[in-house]
Every structure is written in structure tokens, then in C-alpha cells.
A.B. asks: 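What follows is a structure written as C-alpha cells; I'll ask about it next.
Here is the naming used below: chain letters follow the sequence lines, and residue numbers restart at 1 for every chain.
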Number of protein chains: 2
Amino acid sequence: MVRTIERLPKRQRHQQLSRLIDENPFITDRELTRQLKVSIQTIRLDRMELAIPELRERLKLMAERSYDAVRSLPLHEVIGDIVDLQLDRSGISIFEIRAEHVFSRTGIARGHHVFAQANSLAVAVINEEIALTATADIRFVRSVKLGEKCIAKAYVRSISGERSKAKVEVFSYVGDEMVFQGHFVIYRSTGETVIEGGI
Amino acid sequence: MVRTIERLPKRQRHQQLSRLIDENPFITDRELTRQLKVSIQTIRLDRMELAIPELRERLKLMAERSYDAVRSLPLHEVIGDIVDLQLDRSGISIFEIRAEHVFSRTGIARGHHVFAQANSLAVAVINEEIALTATADIRFVRSVKLGEKCIAKAYVRSISGERSKAKVEVFSYVGDEMVFQGHFVIYRSTGETVIEGGI
DNA sequence: CAGCTATTATAACCTGGTACTAATTATATA
DNA sequence: TATATAATTAGTACCAGGTTATAATAGCTG
């Protein structure tokens, strides 16, 4: 194991290689030889050492990731994971604030994501075929930050007979701190199923 | 052009082929020969006729799509396309309701997407480093449906000096019908830049 | 100089195709 | 029934973008 001062060029090249592939996963080894001025064999040895798969494998992995993402999009139906639900009474959901939910400069969650969790919970807790938000009166008590887990609790306050509206209150917490509260009025249209655009 | 009654088997196969590739884009021609019991040349002729690219092209296209999606995620910062913006005065954004925004059984847009458009426009129109929604009072006037284009118009109603709050009204329309209205109070913290989670 | 790492070269082989030519089979219509 | 036409199958050459393996060369260093 000879370890001298000048063993950098390889490491530097490895870094550059990682960076290049990272910022353009569609690059071929041949392209990389041109950019890094080493033989194609060196590139391939480097990829080996760095455990970077070949172009086609990279594309396949990306395709698989996006395919899975599309498949799990129906999960997008409700924002947050519902962990408890008593129809027409109450419900609880958990929503973790991730990078895609925050203002990138501040790491503070955009209001509509916090709202979305509360709104979809308020709709879910109503035991009806079709339930739509009519009005909402909301307050963002304190900002929610990247990585925090937002726990929303919904309570159905009143259901006007078998009629059209229900009132739902939602409170969202991070730990024991309330971060959001909202009063929702939800439309509940029981009978008619007016679906259009069939086939 | 001979057109008789019994020219179906090919069309049927084409349909099956399309379906198979659609539900598993990762399938090779060789696999397809096994499933459809025809030669690999037939499979390839069929793909030609149907203009279905080869496996590797399909994966590359999927990878590109997802890569673009990730790259344009910062565009996710604002929901809807802002088409006009006069800072501290008014703004307009357009948001097309797509399949991922609606209740699948009814084709009616989920409230939080309509809200998200209005909310992000209300925040965008405020000319400040950091602007956060404090409260909102919203009303969903009529439901918005799949395929409709939602046009939100925001008006800044008052700015309390150089202080902390601004009032913004947002009205959303489909055509000339108002579908949503909201009164937002937006926090505007000028000076302090309290960013955490650095590196 | 020996010994070591790093790099480059060379060749065989692989997958999943395209492009092209040709033969075979099925079908339909005059 | 013959024959034109369409559909299918077969076979070959070639390609990109690699892997695997084996060997040669360069460069330093003690």
C-alpha cells in the first residue's frame, strides 16, 4: 500500500465522473472519455469502483422509479396517511413535510400543502359518496418546517339531518404545538350520481 | 385494397400488443412472441405499424419524462402558470385541471388544488423575500371539472405600511363563471432571514 | 532494479434491437 | 382454378453500449 501525496488525480477524476453522470445520467462512456481525457477502459474501471451502473441500467432504473411513482399516484387521492377514521365523527392523518412541500429558500411548508392535508381529511371523514368542500375558514398558527410531521385531527361538528352540509373542524399539530386550524363546510350529496365523460 | 370480413386476427393482435406493452413497458420482443404466439419478426412489424418504439427507446423516454419532471419540480413552487404579475398589486394565473387533480369517480377537482392555485398566487403577488399565508377565508362557489381551465385573479387590497401583513383577494373563474373566492392574509417578513438546516 | 498502481489496449461475447432480402403461407377475387 | 395480394416467418448483416478477461505499457518509489 503505497500512499503518497500525488494520488489525487484519480480521486479528482472520480469526483468529476460522479458529478458528470449525476448532472446528466444520459451520458455514454464514450462521451465521458472525451470530457475526462482518459481511455474508455479507465472510465469503465472508474464506474466499477464507484458502483455506477452502465447507461442502459441507469435509464432503466429511472424508468422504473417513475413507473412506480405513477402507479402510486392514486395514493395522491388523500394527502397524508389516515391513521384513524370514525366516519361522520372524527379522523386523524399524518403528513410528513418533505422537500417538495417547502419554499426552498426557507424550508417552510407552503400553506396549501398543510391545507391539503386538512381538506382531504375533512372530506374523507364525511361518510358520503360525494363530498366536496363548500367553504373553509383557516388559520396558519405557526409555520411548519421541512422534516416535521404534521398530525391533523378532524372532528365532525354537525350534520344537518340528511341534508346537504356538514361542519368539520380540523386542527393540525407538530408535536403538541398547534400549527393550523380550519373550519370546513362540506357538501354531501347523497343520492344523485351525476358522472359524466364515461364510455 | 381488398377488404373482407375476416381481417380481424391482425387487428386483435395489434390491440393485445398495445395493451401488453402499455401495462408493462419493460417487456422485450422475445417475451411478446411467447405471449402472442407469433414470430419475433411479426412482433417487430407490428411495432412498426403501431409506431411503438423498441424497449430501450421506451425506457429512455420514460427516464427523460421523469427527469424533466424532477427538473421542473421547482416549477411546482407555484401551482398554475402565472401569466401576469404586478407586484403588490395584482396577478393572474392559469391552471388546467388534470386527471391527478380530480376525484376519480366524479371528475370534480379536489378543493385543495383550487385552493393551492389561489394560495400560491396570493403569495407570489406579494413583493417580499418571505411571504407566508396567515389566514384564509375561502368559498368554493361551484365545482371545477376535469379538463377545465381555472383562471385565478389576485388583488392586493391593503398593505399595512412596511409592516407584517397584507390582504389579498383571489377570485377564480372557469370561463366567465366564478368558481372560487378567497380572502387571504399574508405575512410579509422583510428583514430577517432566518434560514436553518444549512450546508 | 523490483514491485506496485494506474492506465491503456485488444479481443470475445452479450442484449435487444434495426434494416434488408427472401421464402413461405393464407386469403380473396377475377 | 389460377393468380394477385397480404401476412407471416426466416435468415443475415449490422449497431450501440456495454461486460469480462487477459495482457501490455507507463510511471513512480523505495
A.B. asks: How close or far is atom P of dG17(C) from atom CG of Asp29(B), stated in whole angstroms?
C.D. replies: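 Checked: the CG to P distance equals 4 Å.
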A.B. asks: Return no unless some side-chain N or O of Arg44(B) is found under 4.0 Å from OP1 or OP2 of dG16(C).
C.D. replies: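 No, because none of the side-chain N or O atoms of Arg44(B) sits under 4.0 Å from OP1 or OP2 of dG16(C).
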A.B. asks: What is the distance, rounded to the nearest whole Å, between atom CG of Leu50(A) and atom P of dA6(C)?
C.D. replies: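 Nearest whole value for this atom pair: 13 Å.
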A.B. asks: How are the rings of His183(A) and Phe171(A) set relative to one another: parallel (under 30°), tilted (30 to 60°) or perpendicular (over 60°)?
C.D. replies: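 If you compare the ring of His183(A) with that of Phe171(A), the planes turn out perpendicular.
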A.B. asks: Scan for ring pair (Phe, Tyr, Trp, His ring centres under 6.0 Å) pairs involving residues 12-45 of chain B, sequence neighbours excluded, and state none if there are none.
C.D. replies: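 Checked against ring pair (Phe, Tyr, Trp, His ring centres under 6.0 Å) - neighbours excluded - the pairs reaching residues 12-45 of chain B are Tyr67(A)-Phe26(B).
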A.B. asks: On DNA chain C, compare the nucleotides closest to Val38(A) and Arg47(B); which residue's is nearer the 5' end?
C.D. replies: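 The answer here is Val38(A).
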A.B. asks: Evaluate Arg105(B) against Glu129(A) for salt bridge (charged side-chain N to carboxylate O under 4.0 Å, His left out), listing each step before the verdict.
C.D. replies: CA-CA 9 Å; Arg105(B) 26 157 79 254; Glu129(A) 282 274 296; 3.4 Å; yes
A.B. asks: Could you give the CD-to-P distance, from Glu31(A) to dG18(D), as a whole number of Å?
C.D. replies: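 Between P of dG18(D) and CD of Glu31(A): 11 Å.
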A.B. asks: Phosphate oxygens OP1/OP2 of dT8(C): is one of them under 4.0 Å from a side-chain N or O of Ser39(A)?
C.D. replies: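 True: Ser39(A) side-chain N/O within range (under 4.0 Å) of dT8(C) OP1/OP2.
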A.B. asks: Starting at the 5' end of DNA chain C and moving along, which residue's nearest nucleotide shows up first, Met48(B) or Asp46(A)?
C.D. replies: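 Its nearest nucleotide being more 5', the pick is Asp46(A).
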A.B. asks: Restricting to side-chain hydrogen bond (donor to acceptor under 3.5 Å, both in side chains), what partner residues turn up for Glu31(A), sequence neighbours left out?
C.D. replies: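 Scan of Glu31(A) (side-chain hydrogen bond (donor to acceptor under 3.5 Å, both in side chains), adjacent residues dropped) gives Arg34(A), Gln35(A).
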A.B. asks: Polar atoms only, N or O, under 3.5 Å: list the protein pairs with nucleotides 12-15 of chain C and their distances.
C.D. replies:
residue	atom	partner	partner atom	Å
dT15(C)	O2	Arg56(B)	NH2	2.3

A.B. asks: Should the pair Arg110(B) and Phe103(B) be classed as cation-pi, given the thresholds of under 6.0 Å to the six-membered ring centre and 45° from the axis?
C.D. replies: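 Judged by the rule (NZ or CZ under 6.0 Å from the ring centre, within 45° of its axis), Arg110(B) counts as positioned above Phe103(B).
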A.B. asks: Can you measure Glu54(B) atom CD to dA16(D) atom C1' for me and round it to whole angstrom units?
C.D. replies: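 Nearest whole value for this atom pair: 10 Å.
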A.B. asks: Is there any protein nitrogen or oxygen under 3.5 Å from a nitrogen or oxygen in nucleotides 21-27 of chain D, and what are the pairs?
C.D. replies:
none

A.B. asks: If I take atom CG in residue Leu36(B) and atom P in nucleotide dT9(D), what distance separates them, rounded to the nearest angstrom?
C.D. replies: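 Computing the Leu36(B):CG to dT9(D):P distance gives 11 Å.
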A.B. asks: When the distance from CG of Leu55(B) to P of dC15(D) is rounded to whole Å, what number comes out?
C.D. replies: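 My rounded result for the distance is 21 Å.
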A.B. asks: Which residue pairs satisfy the ring pair (Phe, Tyr, Trp, His ring centres under 6.0 Å) criterion with at least one member in residues 39-62 of chain B, sequence neighbours excluded?
C.D. replies: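 Of all non-adjacent pairs touching residues 39-62 of chain B, none passes ring pair (Phe, Tyr, Trp, His ring centres under 6.0 Å).
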A.B. asks: Not counting sequence neighbours, which residues clear salt bridge (Lys or Arg N to Asp or Glu O under 4.0 Å) with Arg30(A)? List them please.
C.D. replies: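 Result, salt bridge (Lys or Arg N to Asp or Glu O under 4.0 Å) vs Arg30(A): none returned.
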A.B. asks: Answer with base, sugar-phosphate or nothing: what part of the nucleic acid does Leu45(A) contact at a heavy-atom distance below 4.0 Å?
C.D. replies: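 Base: the residue Leu45(A), judged by heavy atoms under 4.0 Å, touches a nucleobase.
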A.B. asks: Could you pull out all residues at least two apart from Phe95(B) that satisfy ring-ring contact (aromatic ring centres under 6.0 Å, His included)?
C.D. replies: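 Expected list: His101(B).
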A.B. asks: From the list dA7(D), dG17(C), dT8(C), which nucleotide is the closest neighbour of the side chain of Lys10(B)?
C.D. replies: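 Selected nucleotide (nearest to the side chain): dA7(D).
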A.B. asks: Determine: side-chain N/O of Arg13(B) to OP1/OP2 of dT8(D), distance under 4.0 Å, yes or no.
C.D. replies: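 So the side-chain polar atoms of Arg13(B) do come within 4.0 Å of the phosphate oxygens OP1 or OP2 of dT8(D), strictly under.
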A.B. asks: To the nearest angstrom, how far is Phe26(A) atom CZ from dG17(D) atom C1'?
C.D. replies: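 It works out to 16 Å between those atoms.
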A.B. asks: Nearest whole angstrom, please: distance from the C1' of dT19(D) to the CD1 of Ile52(A).
C.D. replies: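 Result: 16 Å.
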A.B. asks: Filter on salt bridge (Lys or Arg N to Asp or Glu O under 4.0 Å), then keep only pairs touching residues 44-55 of chain A, sequence neighbours left out; what's left?
C.D. replies: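 Listed once each, the pairs are Lys10(A)-Glu49(A), Arg13(A)-Asp46(A), Asp29(A)-Arg44(A), Asp29(A)-Arg47(A).
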A.B. asks: Which residues pass the side-chain hydrogen bond (donor to acceptor under 3.5 Å, both in side chains) test with Gln15(B), sequence neighbours left out?
C.D. replies: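 Partners of Gln15(B) under the side-chain hydrogen bond (donor to acceptor under 3.5 Å, both in side chains) test: none.
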